[in-house]
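What follows is a set of notes on a single structure, which appears directly below.
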Protein chains: 2
Amino acid sequence: MTALYQDVALRLRRAISDGTYPPGSQLPSEHELAEWFGVARSTIRHALAMLGEDGVVASHRGARRTVLAVPRLQNFGELRSFSLWARSIGAEPSGRVELLERRAATEVQARELGLSADDPVIYVVRVRLLDGKPVMIERTAYVERAGLLLSFVDLERESISERLEEHGIVFAHAEHTIDAVNATPDDARLLAIEPGLALLRERRRATDPRGQALEWSEDRYVGDAVAFTIRNSIALSPLVRDRAATPETAAASTTNSGN
Amino acid sequence: MTALYQDVALRLRRAISDGTYPPGSQLPSEHELAEWFGVARSTIRHALAMLGEDGVVASHRGARRTVLAVPRLQNFGELRSFSLWARSIGAEPSGRVELLERRAATEVQARELGLSADDPVIYVVRVRLLDGKPVMIERTAYVERAGLLLSFVDLERESISERLEEHGIVFAHAEHTIDAVNATPDDARLLAIEPGLALLRERRRATDPRGQALEWSEDRYVGDAVAFTIRNSIALSPLVRDRAATPETAAASTTNSGN
DNA sequence: AGCAGTAGCTTGTACCTACAAGTGGGCCGC
DNA sequence: GCGGCCCACTTGTAGGTACAAGCTACTGCT
């Protein structure tokens, strides 16, 4: 079912996690690993490449691979889904729907979702809670195809993305832009915090496997509740530093209705 | 000099950038590309895998690859180096050193850099400016090996990382943790902003190719000047959502001296 | 003892074959 | 006309060979 190289990668991950190859130590050579696992060197290399992408091992021509860090288990689903993430850290997620309506896309939404002006979107504002404490406001515009399925979802308790996947809507790629904003009076009310507190803002565009946009979201996290972590390296750097939020998106996102 | 697959990847990137294969369109098959470029299919696959890691193309068994987005040129160096990044967006970077001293590592610094308690670090506080406007405070602890070379660097004008690489100190991996904090009075004074303004905080641990820690830094960006962007996908997700800054690091980083 | 040169090991690159798994369009029958 | 089936095409997986490039440890010379 799963590919051989994925199985090998998983077993290597486990070997690193359980201390067989602690951070700072060197891995056996590709040749040795291939012999032990009974696979070709190319398969071992494929598996090790995955660990390299996750920043778990470093490699250099001529020298054996070095273990950089213990692998983190978080996957794409946990990143996109608040519910999945919450449960993975042992907290109880819940949600409170502030707004749910079908309406014409704003200019920003149309551009980000690849729609024409005034095409309809499903707009949802939810406050997300961890163990009953509000930690995030989620203002999401779904394309009609995905959004219409929301009527089948119990938004207060269920994970939207989990249910959508059951209906054949699969989130496969995402682009996240992260900056910091002060809480507006509206934000403060919804999150039960002081106005002006620093919030971590994540604007996210998620697409299906074909690259068709499915949602555009503006999430605001309470600063002392959540952080994002990225690993990168010379070989692989998915993180980009940008200049300034553009004025129109900054202005458009200061109210509930303008996202 | 450069590897074949890197050359192919570059040419494909350019073909996407210049509109030959616009976002949403489909790429030629691996077979066709291999023939056109005069290389093996495995080489084409290697190149396409790189584009996939950058979120530029999506691929699925059975169907041709889809172009997701125009590639961004930013590389690892531009992410680590404020100077390189600034010049790449056409702005003039500069810096103002507020503090530079050799002193014993704090508990946090020792843990992050893999040092023993009271091992010395070189601690630098710099305000970074874009076209003369302060946008970031950088509070960095260097391990002695790297930090001692700082005496050769003109900190007001030059890029630390560029000069260190000339001396054989190479930054190869980094782990970034991003959250939001309100500007302390100290931050506000250094950045010439109002206290309490939302700042984007990036804590960064960078290592050499072997995984040996070189620096631990806490950078604070003015929220409306800089944002970070990440692309990820089901296959590759270097981004991780974390719970809360730990109390000790949050407390330790509220003053100049405590980083 | 100390140093330089080298031989062997290790990873990187490039090529190849073969087959599996999944897509999509065209053809055929109804 | 329309729906279902099938086949050609496309990507994914797994294996292999050969050689290049770079590191390390050892040998042997001074």
Side-chain angles (χ1 to χ4, degrees), chain A residues 1-12 21 24-53 55-68 168 170 172-173 208-212 233-236, chain B residues 1-12 21 24-53 55-68 168 170 172-173 208-212 233-236:
Chain A
M1 155 82 228
T2 59
L4 235 188
Y5 75 91
Q6 284 173 342
D7 185 54
V8 170
L10 184 63
R11 286 158 77 183
L12 286 171
Y21 308 115
S25 69
Q26 299 207 307
L27 284 182
S29 74
E30 296 172 357
H31 184 77
E32 285 174 301
L33 290 171
E35 203 158 294
W36 297 349
F37 283 104
V39 300
R41 179 160 84 110
S42 57
T43 303
I44 294 291
R45 284 182 63 76
H46 199 163
L48 287 170
M50 317 239 74
L51 302 210
E53 285 167 9
V56 173
V57 299
S59 71
H60 304 280
R61 200 174 221 150
R64 288 182 168 206
R65 258 168 259 255
T66 311
V67 178
L68 288 175
V170 178
H173 303 273
D208 68 13
R210 303 302 177 80
Q212 278 292 304
S233 67
I234 286 181
L236 176 69
Chain B
M1 157 79 227
T2 58
L4 234 188
Y5 75 91
Q6 283 173 342
D7 184 54
V8 170
L10 184 63
R11 286 158 76 183
L12 286 172
Y21 308 115
S25 68
Q26 298 207 307
L27 284 181
S29 73
E30 297 172 358
H31 183 76
E32 286 173 302
L33 290 171
E35 203 157 294
W36 297 349
F37 283 104
V39 300
R41 177 160 83 111
S42 58
T43 303
I44 294 290
R45 284 182 64 76
H46 199 164
L48 287 171
M50 317 240 75
L51 301 210
E53 286 167 9
V56 173
V57 299
S59 71
H60 305 280
R61 196 173 224 153
R64 278 153 107 109
R65 257 167 262 253
T66 312
V67 178
L68 287 175
V170 179
H173 302 274
D208 67 13
R210 304 301 177 78
Q212 279 291 304
S233 67
I234 286 182
L236 175 69

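Chain letters run A, B, ... following the sequence lines, proteins first and then strands; every chain starts at 1.
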Next item on the list: Would you tell me if any nitrogen or oxygen in the side chain of B:T43 comes within less than 4.0 Å of OP1 or OP2 on C:dC15?
Entry: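 Answer yes for this pair, as a side-chain N or O of B:T43 is under 4.0 Å from OP1 or OP2.
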Notebook entry, point to check: Are B:R45 and C:dC15 close enough that a side-chain N or O sits under 4.0 Å from OP1 or OP2?
Noted result: no
Note to self: Taking the minimum atom-to-atom distance to the side chain of B:R65, which one of D:dG15, D:dG12, C:dA14 wins?
What the structure shows: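 Nearest listed nucleotide: D:dG12.
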Checklist line | Trace of the side chain to side chain contact (heavy atoms under 4.5 Å, CB included) decision for A:R11 with A:F37 | finding: CA-CA 10 Å; A:R11 286 158 77 183; A:F37 283 104; 3.5 Å; yes
Margin query: If you compare all heavy atoms of B:V8 against all heavy atoms of B:A47, which two are closest, and at what distance to 0.1 Å?
Written below: CG1-CB, 3.7 Å
Check: Between B:V57 and B:L48, what is the shortest heavy-atom contact and its length?
Finding: CG2-O, 4.0 Å
Using whole Å, what does the distance between atom [atom2] of nucleotide [N] and atom [atom1] of [X] come to?
{"X": "A:L48", "N": "C:dG12", "atom1": "CG", "atom2": "C1'", "answer": "13 Å"}
{"X": "B:H31", "N": "D:dG12", "atom1": "NE2", "atom2": "P", "answer": "16 Å"}
{"X": "B:E35", "N": "D:dT10", "atom1": "CD", "atom2": "C1'", "answer": "15 Å"}
{"X": "A:E30", "N": "D:dG15", "atom1": "CD", "atom2": "C1'", "answer": "15 Å"}
{"X": "B:I44", "N": "C:dT13", "atom1": "CD1", "atom2": "P", "answer": "15 Å"}
{"X": "A:Q6", "N": "D:dA14", "atom1": "CD", "atom2": "P", "answer": "8 Å"}
{"X": "B:L4", "N": "D:dA20", "atom1": "CG", "atom2": "C1'", "answer": "13 Å"}
{"X": "B:R64", "N": "C:dG24", "atom1": "CZ", "atom2": "P", "answer": "12 Å"}

Within the structure shown, what part of the strands sits under 4.0 Å from [X] by heavy-atom distance: base, sugar-phosphate, or nothing?
{"X": "A:R41", "result": "base"}
{"X": "B:S42", "result": "base"}
{"X": "A:R61", "result": "base"}

Item checked: Ion pair check, A:E32 and A:R64, cut-off under 4.0 Å ->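 Salt bridge: yes.
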Note to self: By nearest heavy atom, map A:Q26 and A:Y5 onto DNA chain D; which one lands nearer the 5' end?
What the structure shows: A:Y5
Item checked: First encountered from the 5' end of DNA chain D, between A:H46 and A:A63 ->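 It is A:H46 whose nearest nucleotide is closer to the 5' end.
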Check: Do A:Q26 and A:R65 pass the side chain to side chain contact (heavy atoms under 4.5 Å, CB included) test, and can you show the C-alpha distance, the side-chain angles, and the key distance before you say yes or no?
Finding: CA-CA 6 Å; A:Q26 299 207 307; A:R65 258 168 259 255; over 6 Å; no
Next item on the list: Starting from the 5' end of DNA chain C, give me the residue, A:S59 or B:G38, whose nearest nucleotide shows up first.
Entry: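 With A:S59 and B:G38 compared, the 5'-side residue is A:S59.
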